[in-house]
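So that the names make sense, note that chain A is the first sequence line, chain B the second, and so on, each numbered from 1. This one's a predicted model, so the numbers in the text were calculated from it and none came from an experiment.
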Amino acid sequence: MVAPFALVDCNNFYASCERVFEPKLRGRPVVVLSNNDGCVIARSNEAKALGIGMGDPWHLYRARFAEQAVTVRSSNYTLYGDMSARVMRTLAGLTPSLEIYSIDEAFLSLAGFEDLEAHARHLRSTVIQWTGIPVSVGIAPTKLLAKVANRFAKREAHADGVKLLIDPAAQDDALARIELTDLWGIARRMAARLKCEGIETPLQLRAADPQDMRQRFGVVMQRMVLELRGMSCLPIELVTPDRKSIVSSRSFGRLIKTRPEVEEAVTTFSARAAAKMRRQGLATAHLAVFIETNPFREQDPQYHASRAVTLPVATADTAKLITAAQTALAALWRPGYRYKKAGVMLMDLVKADRVQGGLFDAPDDPKAKMRMRTVDALNGRYGRDTVGFGVTGQPRVWTLRSDMLSPRYTTEWEELLRV
DNA sequence: TCTGGGGTCCTAGGACCC
DNA sequence: TCTGGGGTCCTAGGACCC
(Lines give C-alpha, C1' and ligand atoms only; values in the text may rest on other atoms or scores of the structure.)
Protein backbone atom coordinates (compact mmCIF):
# COMPACT_ATOMS: atom_id res chain seq x y z
CA MET A 1 0.00 0.00 0.00
CA VAL A 2 1.08 3.58 -0.61
CA ALA A 3 2.38 5.47 2.40
CA PRO A 4 -0.61 6.94 4.20
CA PHE A 5 -0.87 10.59 5.13
CA ALA A 6 -1.80 12.01 8.50
CA LEU A 7 -3.33 15.44 8.88
CA VAL A 8 -2.75 16.82 12.36
CA ASP A 9 -5.00 19.79 13.09
CA CYS A 10 -5.11 21.77 16.31
CA ASN A 11 -8.58 21.95 17.83
CA ASN A 12 -10.00 25.50 17.93
CA PHE A 13 -6.40 26.66 17.82
CA TYR A 14 -6.54 30.28 18.98
CA ALA A 15 -9.05 29.47 21.71
CA SER A 16 -6.89 26.55 22.82
CA CYS A 17 -3.83 28.83 22.97
CA GLU A 18 -5.67 31.18 25.30
CA ARG A 19 -6.58 28.26 27.51
CA VAL A 20 -2.99 27.09 27.84
CA PHE A 21 -2.19 30.31 29.68
CA GLU A 22 -5.55 30.55 31.44
CA PRO A 23 -6.50 27.04 32.50
CA LYS A 24 -9.61 28.27 34.26
CA LEU A 25 -11.11 28.79 30.79
CA ARG A 26 -11.25 25.04 30.20
CA GLY A 27 -14.77 23.75 29.80
CA ARG A 28 -16.09 27.27 29.31
CA PRO A 29 -17.17 29.05 26.12
CA VAL A 30 -14.27 31.09 24.73
CA VAL A 31 -14.16 33.23 21.61
CA VAL A 32 -11.22 35.04 20.06
CA LEU A 33 -11.92 38.21 18.10
CA SER A 34 -10.27 39.72 15.04
CA ASN A 35 -8.45 43.02 14.92
CA ASN A 36 -10.53 45.90 16.34
CA ASP A 37 -12.54 43.15 18.06
CA GLY A 38 -14.63 43.10 14.89
CA CYS A 39 -15.63 39.51 14.33
CA VAL A 40 -15.25 36.01 15.70
CA ILE A 41 -12.23 34.13 14.41
CA ALA A 42 -12.03 31.23 16.87
CA ARG A 43 -14.48 29.48 19.15
CA SER A 44 -14.15 26.78 21.76
CA ASN A 45 -16.56 23.86 21.42
CA GLU A 46 -18.72 25.38 24.15
CA ALA A 47 -18.95 28.64 22.20
CA LYS A 48 -19.87 26.75 19.02
CA ALA A 49 -22.62 25.02 20.98
CA LEU A 50 -24.09 28.43 21.80
CA GLY A 51 -24.52 29.05 18.09
CA ILE A 52 -21.70 31.54 17.67
CA GLY A 53 -20.54 31.30 14.06
CA MET A 54 -17.12 31.68 12.50
CA GLY A 55 -16.69 35.19 11.14
CA ASP A 56 -19.80 36.53 12.82
CA PRO A 57 -19.58 40.19 13.79
CA TRP A 58 -19.21 40.23 17.54
CA HIS A 59 -21.52 43.21 18.05
CA LEU A 60 -24.42 40.91 17.21
CA TYR A 61 -23.63 38.85 20.30
CA ARG A 62 -22.13 41.34 22.69
CA ALA A 63 -25.32 42.08 24.57
CA ARG A 64 -26.75 38.57 24.36
CA PHE A 65 -23.75 36.79 25.81
CA ALA A 66 -22.65 39.37 28.34
CA GLU A 67 -24.28 37.55 31.22
CA GLN A 68 -23.69 34.05 29.94
CA ALA A 69 -20.03 34.14 30.82
CA VAL A 70 -18.66 33.81 27.32
CA THR A 71 -15.01 34.68 27.70
CA VAL A 72 -13.84 37.03 24.97
CA ARG A 73 -10.22 37.59 24.03
CA SER A 74 -8.66 39.94 21.49
CA SER A 75 -6.36 38.05 19.19
CA ASN A 76 -2.67 37.75 20.02
CA TYR A 77 -0.89 36.53 16.91
CA THR A 78 2.55 36.60 18.49
CA LEU A 79 1.34 34.10 21.06
CA TYR A 80 -0.33 31.91 18.43
CA GLY A 81 2.75 31.94 16.23
CA ASP A 82 4.90 30.87 19.14
CA MET A 83 2.50 28.09 20.16
CA SER A 84 2.32 26.93 16.55
CA ALA A 85 6.12 26.65 16.43
CA ARG A 86 6.05 24.53 19.59
CA VAL A 87 3.45 22.17 18.12
CA MET A 88 5.35 21.88 14.82
CA ARG A 89 8.65 21.22 16.59
CA THR A 90 7.00 18.46 18.57
CA LEU A 91 5.57 16.87 15.43
CA ALA A 92 8.89 17.20 13.61
CA GLY A 93 10.45 15.00 16.25
CA LEU A 94 7.88 12.29 15.64
CA THR A 95 8.04 11.90 11.87
CA PRO A 96 10.70 12.02 9.18
CA SER A 97 8.51 14.08 6.84
CA LEU A 98 6.46 17.01 7.98
CA GLU A 99 4.70 19.65 5.90
CA ILE A 100 3.57 22.69 7.84
CA TYR A 101 0.41 23.55 5.97
CA SER A 102 -0.91 26.42 8.07
CA ILE A 103 -0.52 27.93 11.51
CA ASP A 104 -2.47 25.04 13.02
CA GLU A 105 -2.20 22.15 10.56
CA ALA A 106 0.50 19.81 9.35
CA PHE A 107 0.64 16.85 7.00
CA LEU A 108 2.85 13.92 7.95
CA SER A 109 3.86 10.92 5.96
CA LEU A 110 3.29 7.72 7.90
CA ALA A 111 5.50 5.57 5.70
CA GLY A 112 6.97 2.72 7.68
CA PHE A 113 4.54 2.74 10.58
CA GLU A 114 2.82 -0.60 11.16
CA ASP A 115 0.15 0.36 13.64
CA LEU A 116 -1.24 3.62 12.27
CA GLU A 117 -3.83 4.11 14.97
CA ALA A 118 -1.32 3.58 17.77
CA HIS A 119 1.04 6.07 16.18
CA ALA A 120 -1.73 8.62 15.74
CA ARG A 121 -2.62 8.31 19.43
CA HIS A 122 1.02 8.73 20.31
CA LEU A 123 1.22 11.92 18.23
CA ARG A 124 -1.86 13.24 19.90
CA SER A 125 -0.83 12.52 23.46
CA THR A 126 2.70 13.84 22.95
CA VAL A 127 1.52 17.15 21.50
CA ILE A 128 -0.93 17.81 24.29
CA GLN A 129 1.59 16.78 26.92
CA TRP A 130 4.37 18.97 25.59
CA THR A 131 2.38 21.99 24.41
CA GLY A 132 -1.04 21.86 26.06
CA ILE A 133 -2.74 22.07 22.66
CA PRO A 134 -5.31 19.37 21.80
CA VAL A 135 -5.07 18.05 18.24
CA SER A 136 -7.04 15.73 16.00
CA VAL A 137 -5.45 13.26 13.61
CA GLY A 138 -6.96 12.06 10.34
CA ILE A 139 -5.26 9.27 8.40
CA ALA A 140 -5.91 8.22 4.81
CA PRO A 141 -4.13 7.27 1.57
CA THR A 142 -4.34 10.84 0.17
CA LYS A 143 -4.21 14.35 1.54
CA LEU A 144 -7.77 15.09 0.50
CA LEU A 145 -9.09 11.99 2.28
CA ALA A 146 -6.90 12.77 5.30
CA LYS A 147 -8.70 16.10 5.48
CA VAL A 148 -12.02 14.28 5.47
CA ALA A 149 -10.73 11.86 8.11
CA ASN A 150 -9.67 14.75 10.30
CA ARG A 151 -13.14 16.18 10.14
CA PHE A 152 -14.55 12.97 11.61
CA ALA A 153 -11.73 12.75 14.16
CA LYS A 154 -12.91 16.10 15.46
CA ARG A 155 -16.64 15.48 15.38
CA GLU A 156 -17.26 11.91 16.40
CA ALA A 157 -17.11 11.61 20.15
CA HIS A 158 -16.14 7.94 19.99
CA ALA A 159 -13.27 8.73 17.61
CA ASP A 160 -11.43 10.36 20.51
CA GLY A 161 -9.43 12.58 18.19
CA VAL A 162 -8.23 9.91 15.76
CA LYS A 163 -9.89 8.68 12.57
CA LEU A 164 -8.58 6.30 9.94
CA LEU A 165 -10.02 6.23 6.43
CA ILE A 166 -7.90 3.42 5.07
CA ASP A 167 -10.58 0.84 4.19
CA PRO A 168 -12.66 1.61 1.10
CA ALA A 169 -15.78 0.83 3.11
CA ALA A 170 -14.85 3.44 5.70
CA GLN A 171 -14.19 5.96 2.92
CA ASP A 172 -17.59 5.24 1.35
CA ASP A 173 -19.29 5.71 4.67
CA ALA A 174 -17.51 8.99 5.41
CA LEU A 175 -18.05 10.50 1.96
CA ALA A 176 -21.73 9.59 2.11
CA ARG A 177 -22.12 11.67 5.24
CA ILE A 178 -20.63 14.97 4.08
CA GLU A 179 -21.49 17.70 1.61
CA LEU A 180 -19.49 18.82 -1.42
CA THR A 181 -18.54 22.02 0.38
CA ASP A 182 -17.02 19.96 3.19
CA LEU A 183 -14.30 18.89 0.78
CA TRP A 184 -10.97 20.73 0.81
CA GLY A 185 -11.00 22.96 -2.27
CA ILE A 186 -14.73 23.14 -2.87
CA ALA A 187 -16.56 26.17 -1.60
CA ARG A 188 -19.96 27.63 -2.32
CA ARG A 189 -19.37 28.73 -5.91
CA MET A 190 -17.70 25.59 -7.11
CA ALA A 191 -20.33 23.44 -5.40
CA ALA A 192 -23.04 25.38 -7.22
CA ARG A 193 -21.28 24.86 -10.55
CA LEU A 194 -20.91 21.15 -9.89
CA LYS A 195 -24.57 20.85 -8.96
CA CYS A 196 -25.56 22.55 -12.20
CA GLU A 197 -23.66 19.81 -14.00
CA GLY A 198 -25.38 17.05 -12.06
CA ILE A 199 -22.75 16.36 -9.41
CA GLU A 200 -24.38 16.89 -6.08
CA THR A 201 -22.45 14.75 -3.59
CA PRO A 202 -18.87 13.77 -2.81
CA LEU A 203 -19.62 10.19 -3.88
CA GLN A 204 -20.89 11.42 -7.25
CA LEU A 205 -17.78 13.51 -7.63
CA ARG A 206 -15.61 10.48 -6.91
CA ALA A 207 -17.53 8.49 -9.51
CA ALA A 208 -17.04 11.13 -12.21
CA ASP A 209 -14.59 10.50 -15.04
CA PRO A 210 -11.29 12.23 -14.16
CA GLN A 211 -10.42 13.07 -17.77
CA ASP A 212 -13.84 14.48 -18.41
CA MET A 213 -13.67 16.52 -15.20
CA ARG A 214 -10.37 17.95 -16.35
CA GLN A 215 -12.00 19.15 -19.54
CA ARG A 216 -14.92 20.72 -17.76
CA PHE A 217 -13.37 22.07 -14.55
CA GLY A 218 -9.61 22.07 -14.96
CA VAL A 219 -6.70 20.11 -13.67
CA VAL A 220 -7.37 20.94 -10.02
CA MET A 221 -10.73 19.19 -10.15
CA GLN A 222 -9.24 16.18 -11.90
CA ARG A 223 -6.78 15.82 -9.05
CA MET A 224 -9.59 16.02 -6.54
CA VAL A 225 -11.42 13.15 -8.21
CA LEU A 226 -8.28 11.03 -8.17
CA GLU A 227 -7.51 11.89 -4.57
CA LEU A 228 -11.05 10.90 -3.61
CA ARG A 229 -10.38 7.53 -5.26
CA GLY A 230 -7.33 7.05 -3.09
CA MET A 231 -4.78 7.89 -5.78
CA SER A 232 -2.37 10.36 -4.27
CA CYS A 233 -1.68 13.39 -6.48
CA LEU A 234 -0.59 15.84 -3.80
CA PRO A 235 2.74 14.90 -2.25
CA ILE A 236 4.11 16.10 1.06
CA GLU A 237 5.90 19.40 0.46
CA LEU A 238 8.90 19.24 2.73
CA VAL A 239 10.44 22.57 1.71
CA THR A 240 8.38 25.64 2.47
CA PRO A 241 8.62 27.82 -0.65
CA ASP A 242 9.57 31.48 -0.32
CA ARG A 243 6.72 33.92 -0.05
CA LYS A 244 5.69 35.53 -3.32
CA SER A 245 4.04 38.48 -1.66
CA ILE A 246 3.70 40.02 1.76
CA VAL A 247 0.71 42.09 2.81
CA SER A 248 0.26 44.38 5.74
CA SER A 249 -3.24 45.79 6.04
CA ARG A 250 -5.73 46.79 8.68
CA SER A 251 -9.28 47.92 9.01
CA PHE A 252 -9.42 51.20 10.86
CA GLY A 253 -11.22 51.37 14.16
CA ARG A 254 -13.19 54.30 12.77
CA LEU A 255 -13.82 55.82 9.37
CA ILE A 256 -10.97 58.04 8.23
CA LYS A 257 -11.41 61.09 6.05
CA THR A 258 -8.11 62.93 5.97
CA ARG A 259 -5.10 62.12 3.87
CA PRO A 260 -2.49 62.58 6.62
CA GLU A 261 -4.16 59.85 8.65
CA VAL A 262 -4.07 57.44 5.73
CA GLU A 263 -0.47 58.43 4.98
CA GLU A 264 0.44 57.59 8.53
CA ALA A 265 -1.21 54.19 8.28
CA VAL A 266 0.47 53.44 4.97
CA THR A 267 3.83 54.35 6.50
CA THR A 268 3.23 51.90 9.32
CA PHE A 269 2.13 49.14 6.96
CA SER A 270 5.19 49.69 4.78
CA ALA A 271 7.55 49.43 7.74
CA ARG A 272 5.80 46.34 9.05
CA ALA A 273 5.83 44.58 5.69
CA ALA A 274 9.47 45.54 5.09
CA ALA A 275 10.51 44.12 8.46
CA LYS A 276 8.67 40.90 7.74
CA MET A 277 10.32 40.68 4.35
CA ARG A 278 13.82 41.15 5.80
CA ARG A 279 13.17 38.45 8.39
CA GLN A 280 12.48 36.07 5.52
CA GLY A 281 15.61 37.13 3.65
CA LEU A 282 13.69 38.68 0.76
CA ALA A 283 13.54 41.98 -1.10
CA THR A 284 11.31 43.59 -3.69
CA ALA A 285 11.06 46.17 -6.45
CA HIS A 286 7.26 46.03 -6.68
CA LEU A 287 4.91 47.48 -4.17
CA ALA A 288 1.22 48.31 -4.20
CA VAL A 289 -1.01 50.33 -1.93
CA PHE A 290 -4.74 49.93 -1.61
CA ILE A 291 -7.45 51.87 0.19
CA GLU A 292 -11.12 51.00 0.65
CA THR A 293 -14.28 52.54 1.97
CA ASN A 294 -16.58 50.44 4.17
CA PRO A 295 -18.54 48.11 1.86
CA PHE A 296 -21.04 47.39 4.63
CA ARG A 297 -22.13 51.02 4.67
CA GLU A 298 -24.22 50.88 1.54
CA GLN A 299 -25.48 54.41 2.15
CA ASP A 300 -21.93 55.74 1.72
CA PRO A 301 -20.29 56.41 -1.65
CA GLN A 302 -17.85 53.59 -2.31
CA TYR A 303 -14.30 53.77 -3.57
CA HIS A 304 -11.66 51.12 -3.58
CA ALA A 305 -8.48 51.22 -5.57
CA SER A 306 -4.96 49.96 -5.68
CA ARG A 307 -1.87 51.42 -7.30
CA ALA A 308 1.40 49.68 -7.97
CA VAL A 309 4.84 51.30 -8.16
CA THR A 310 8.09 49.88 -9.44
CA LEU A 311 11.35 50.81 -7.76
CA PRO A 312 14.49 51.18 -9.84
CA VAL A 313 16.10 48.32 -7.93
CA ALA A 314 14.96 45.71 -5.48
CA THR A 315 15.36 46.72 -1.87
CA ALA A 316 14.37 45.80 1.63
CA ASP A 317 15.05 49.30 2.88
CA THR A 318 12.16 50.61 4.94
CA ALA A 319 12.67 54.27 4.02
CA LYS A 320 12.66 53.57 0.29
CA LEU A 321 9.57 51.41 0.54
CA ILE A 322 7.77 54.06 2.54
CA THR A 323 8.58 56.69 -0.07
CA ALA A 324 7.35 54.41 -2.84
CA ALA A 325 4.17 53.66 -0.93
CA GLN A 326 3.43 57.35 -0.45
CA THR A 327 3.87 57.87 -4.18
CA ALA A 328 1.35 55.15 -4.84
CA LEU A 329 -1.04 56.56 -2.29
CA ALA A 330 -0.81 60.01 -3.84
CA ALA A 331 -1.83 58.52 -7.19
CA LEU A 332 -4.96 56.82 -5.89
CA TRP A 333 -6.03 59.20 -3.16
CA ARG A 334 -9.49 60.68 -3.62
CA PRO A 335 -10.83 63.17 -1.10
CA GLY A 336 -14.42 63.11 0.11
CA TYR A 337 -14.67 59.43 1.01
CA ARG A 338 -14.71 57.77 4.41
CA TYR A 339 -12.00 55.14 4.39
CA LYS A 340 -12.24 51.95 6.39
CA LYS A 341 -9.23 49.95 5.34
CA ALA A 342 -5.81 50.36 3.79
CA GLY A 343 -2.83 48.17 3.10
CA VAL A 344 0.56 47.75 1.52
CA MET A 345 1.46 44.76 -0.61
CA LEU A 346 5.03 43.79 -1.45
CA MET A 347 5.05 41.68 -4.61
CA ASP A 348 7.42 39.68 -6.79
CA LEU A 349 9.74 39.05 -3.86
CA VAL A 350 13.30 38.02 -4.67
CA LYS A 351 16.02 36.39 -2.62
CA ALA A 352 17.79 38.98 -0.51
CA ASP A 353 21.26 37.59 -1.15
CA ARG A 354 21.06 39.54 -4.37
CA VAL A 355 20.23 42.81 -2.71
CA GLN A 356 21.72 42.85 0.75
CA GLY A 357 23.36 45.87 2.31
CA GLY A 358 21.79 48.59 0.23
CA LEU A 359 24.37 47.67 -2.40
CA PHE A 360 22.36 48.96 -5.31
CA ASP A 361 22.23 52.40 -3.88
CA ALA A 362 25.75 53.46 -2.89
CA PRO A 363 28.37 50.75 -3.07
CA ASP A 364 31.75 51.90 -1.77
CA ASP A 365 33.77 49.09 -3.22
CA PRO A 366 35.48 50.23 -6.49
CA LYS A 367 34.72 46.95 -8.17
CA ALA A 368 31.12 47.37 -7.19
CA LYS A 369 31.11 50.87 -8.67
CA MET A 370 32.49 49.49 -11.89
CA ARG A 371 29.80 46.85 -11.96
CA MET A 372 27.22 49.52 -11.23
CA ARG A 373 28.35 51.45 -14.31
CA THR A 374 28.06 48.29 -16.36
CA VAL A 375 24.62 47.74 -14.97
CA ASP A 376 23.63 51.30 -15.82
CA ALA A 377 24.92 50.86 -19.35
CA LEU A 378 23.02 47.62 -19.77
CA ASN A 379 19.86 49.09 -18.38
CA GLY A 380 20.32 52.00 -20.75
CA ARG A 381 20.75 49.66 -23.67
CA TYR A 382 17.69 47.62 -22.86
CA GLY A 383 15.71 50.56 -21.65
CA ARG A 384 14.74 48.90 -18.44
CA ASP A 385 16.04 48.46 -14.93
CA THR A 386 16.49 44.77 -15.24
CA VAL A 387 20.05 44.10 -14.25
CA GLY A 388 21.73 44.13 -10.86
CA PHE A 389 24.38 42.42 -8.85
CA GLY A 390 25.42 41.46 -5.36
CA VAL A 391 28.32 42.99 -3.46
CA THR A 392 28.71 40.15 -1.03
CA GLY A 393 28.36 37.35 -3.52
CA GLN A 394 29.39 36.86 -7.12
CA PRO A 395 28.04 39.36 -9.62
CA ARG A 396 24.81 38.03 -10.95
CA VAL A 397 21.99 38.85 -13.21
CA TRP A 398 18.68 39.34 -11.61
CA THR A 399 15.46 40.78 -12.81
CA LEU A 400 12.71 42.88 -11.40
CA ARG A 401 10.28 40.41 -12.83
CA SER A 402 11.31 36.82 -13.12
CA ASP A 403 9.59 36.41 -16.48
CA MET A 404 11.98 38.94 -18.04
CA LEU A 405 14.98 36.72 -17.45
CA SER A 406 15.15 35.33 -20.93
CA PRO A 407 18.00 32.94 -21.70
CA ARG A 408 19.28 34.87 -24.68
CA TYR A 409 20.18 37.82 -22.45
CA THR A 410 21.41 35.90 -19.45
CA THR A 411 24.72 34.72 -20.86
CA GLU A 412 25.62 38.12 -22.23
CA TRP A 413 24.82 39.84 -18.97
CA GLU A 414 26.74 37.34 -16.89
CA GLU A 415 29.80 37.95 -19.04
CA LEU A 416 29.58 41.72 -18.82
CA LEU A 417 29.06 41.69 -15.09
CA ARG A 418 32.15 39.61 -14.42
CA VAL A 419 34.44 42.52 -13.63
C1' DT B 1 -10.72 50.27 -47.66
C1' DC B 2 -8.25 46.53 -46.26
C1' DT B 3 -5.71 46.56 -40.91
C1' DG B 4 -1.47 41.07 -37.52
C1' DG B 5 0.23 38.60 -33.98
C1' DG B 6 2.89 37.92 -30.05
C1' DG B 7 4.17 39.48 -25.82
C1' DT B 8 4.23 42.07 -21.26
C1' DC B 9 2.26 44.95 -17.82
C1' DC B 10 -1.39 46.75 -15.15
C1' DT B 11 -5.80 46.64 -13.04
C1' DA B 12 -9.60 44.26 -11.57
C1' DG B 13 -11.97 40.55 -10.02
C1' DG B 14 -13.10 35.65 -8.84
C1' DA B 15 -12.25 31.52 -6.34
C1' DC B 16 -10.16 29.07 -2.92
C1' DC B 17 -7.44 28.28 1.61
C1' DC B 18 -6.27 29.11 6.78
C1' DT C 1 -21.64 52.33 15.85
C1' DC C 2 -19.91 47.84 15.55
C1' DT C 3 -18.32 43.13 9.96
C1' DG C 4 -10.21 40.25 10.05
C1' DG C 5 -5.84 39.50 7.95
C1' DG C 6 -2.80 37.01 5.07
C1' DG C 7 -2.03 34.05 1.43
C1' DT C 8 -2.28 31.30 -3.58
C1' DC C 9 -3.74 30.71 -8.31
C1' DC C 10 -6.38 31.96 -12.33
C1' DT C 11 -8.67 34.91 -15.93
C1' DA C 12 -9.71 38.87 -18.79
C1' DG C 13 -9.41 43.28 -21.05
C1' DG C 14 -6.93 47.41 -22.35
C1' DA C 15 -2.49 49.85 -23.05
C1' DC C 16 1.56 49.51 -25.11
C1' DC C 17 5.53 47.61 -27.54
C1' DC C 18 7.88 45.33 -31.43
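At the phosphate of B:dA12, OP1 or OP2 sits under 4.0 Å from a side-chain N or O atom of A:S306. Taking only side-chain nitrogens and oxygens, A:K276 comes nearer than 4.0 Å to OP1 or OP2 of C:dG7. Contact annotation: A:K340 reaches the phosphate of C:dT3 (side-chain N/O to OP1 or OP2, under 4.0 Å). Taking only side-chain nitrogens and oxygens, A:R307 comes nearer than 4.0 Å to OP1 or OP2 of B:dT11. Considering only side-chain N and O atoms, A:K341 lies nowhere under 4.0 angstrom from the phosphate OP1 or OP2 of C:dG6. In terms of phosphate contacts, A:R188 brings no side-chain nitrogen or oxygen within less than 4.0 Å of OP1 or OP2 of B:dC16. For C:dG6, the OP1/OP2 oxygens have a side-chain nitrogen or oxygen of A:R250 closer than 4.0 Å. Between A:H304 and the phosphate of B:dA12, there is no side-chain N or O to OP1/OP2 separation shorter than 4.0 Å.
Counting any heavy atom pair closer than 4.0 Å across all strands shown, A:D104 reaches sugar-phosphate atoms only and no base atom. Residue-level contact check: A:I186 touches the backbone only, with heavy atoms under 4.0 Å from sugar-phosphate atoms and none from bases. Using a 4.0 Å heavy-atom distance criterion, A:L183 is classed as a sugar-phosphate-only contact. Residue A:Y77 is classed as having no contact, given no heavy-atom separation below 4.0 Å to the nucleic acid. The residue A:R193 sits apart from the nucleic acid: no heavy atom pair falls under 4.0 Å.
In this structure, A:E197 CD and A:D212 CG are separated by 9.0 Å, a value rounded to the nearest 0.5 Å. Considering CD of A:E46 and CD1 of A:I52, their distance stands at 11.0 Å, rounded to 0.5 Å.
Of the listed nucleotides (B:dC10, B:dC16, C:dC9), C:dC9 has the atom at the smallest distance from the side chain of A:K244. Comparing C:dC2, C:dG7, B:dC10 against the side chain of A:T310 picks out B:dC10 as the nearest. Between C:dG5, B:dT11, C:dT8, one nucleotide has an atom nearer to the side chain of A:S251 than all others, and that is C:dG5. Among the nucleotides C:dG7, B:dC17, C:dG6, the one closest to any side-chain atom of A:S249 is C:dG6. Listed nucleotides C:dG7, B:dC18, C:dG4 differ in distance to A:W184; the shortest reach to its side chain belongs to B:dC18. Minimum atom distance to the side chain of A:S102 is reached by B:dC18, of the listed B:dC18, C:dG4, B:dC17. Side-chain atoms of A:R189 lie closest to B:dC16 of the nucleotides C:dT3, C:dG6, B:dC16. Closest approach to the A:E105 side chain among B:dC18, C:dG7, C:dG5 is made by B:dC18 (side chain taken as heavy atoms from C-beta onward). Candidate nucleotides B:dC16, C:dG7, C:dG4 were compared by shortest atom distance to the side chain of A:V247, and C:dG7 ranks first. The side chain of A:P57 lies closest to C:dT3, out of C:dT8, C:dG4, C:dT3.
Nucleotide C:dG13 forms a pair with B:dC10, judged by Watson-Crick or G-U wobble geometry with both contacts under 3.5 Å.
Note on A:K143 versus A:E237: no salt bridge recorded, every NZ/NE/NH1/NH2 to OD/OE distance being 4.0 Å or above. Using a 4.0 Å cut-off between a side-chain N of Lys or Arg and a carboxylate O of Asp or Glu, A:E117 and A:R121 qualify as a salt bridge.
Screening A:R214, A:R216, A:E227 for a side chain to side chain donor-acceptor pair (under 3.5 Å) with A:Q222, the sole residue that qualifies is A:R214. When A:H304, A:E292, A:R334 are each tested for a side-chain contact (heavy atoms from CB on, under 4.5 Å) with A:Y339, only one passes: A:R334.
Between A:I246 and A:S34, the residue anchored nearer the 5' end of DNA chain C, judged by the nucleotide with its closest heavy atom, is A:S34. Nearest-nucleotide positions on DNA chain C for A:C39 and A:R243 put A:C39 closer to the 5' end.
Atom pair A:R279:CZ and C:dG6:P shows a separation of 12 Å (rounding to whole Å applied). Between A:H286 atom NE2 and B:dT8 atom P the separation is 14 Å, expressed in whole Å. In this structure, the CE atom of A:M345 is 13 Å from the P atom of B:dG13, given to the nearest Å.
Counting only distance, with no hydrogens or angles, the side chain of A:S44 and the backbone of A:V30 share a donor-acceptor pair below 3.5 Å.
Spacing of P atoms, C:dC18 relative to B:dT3, comes out at 24 Å, to the nearest Å.
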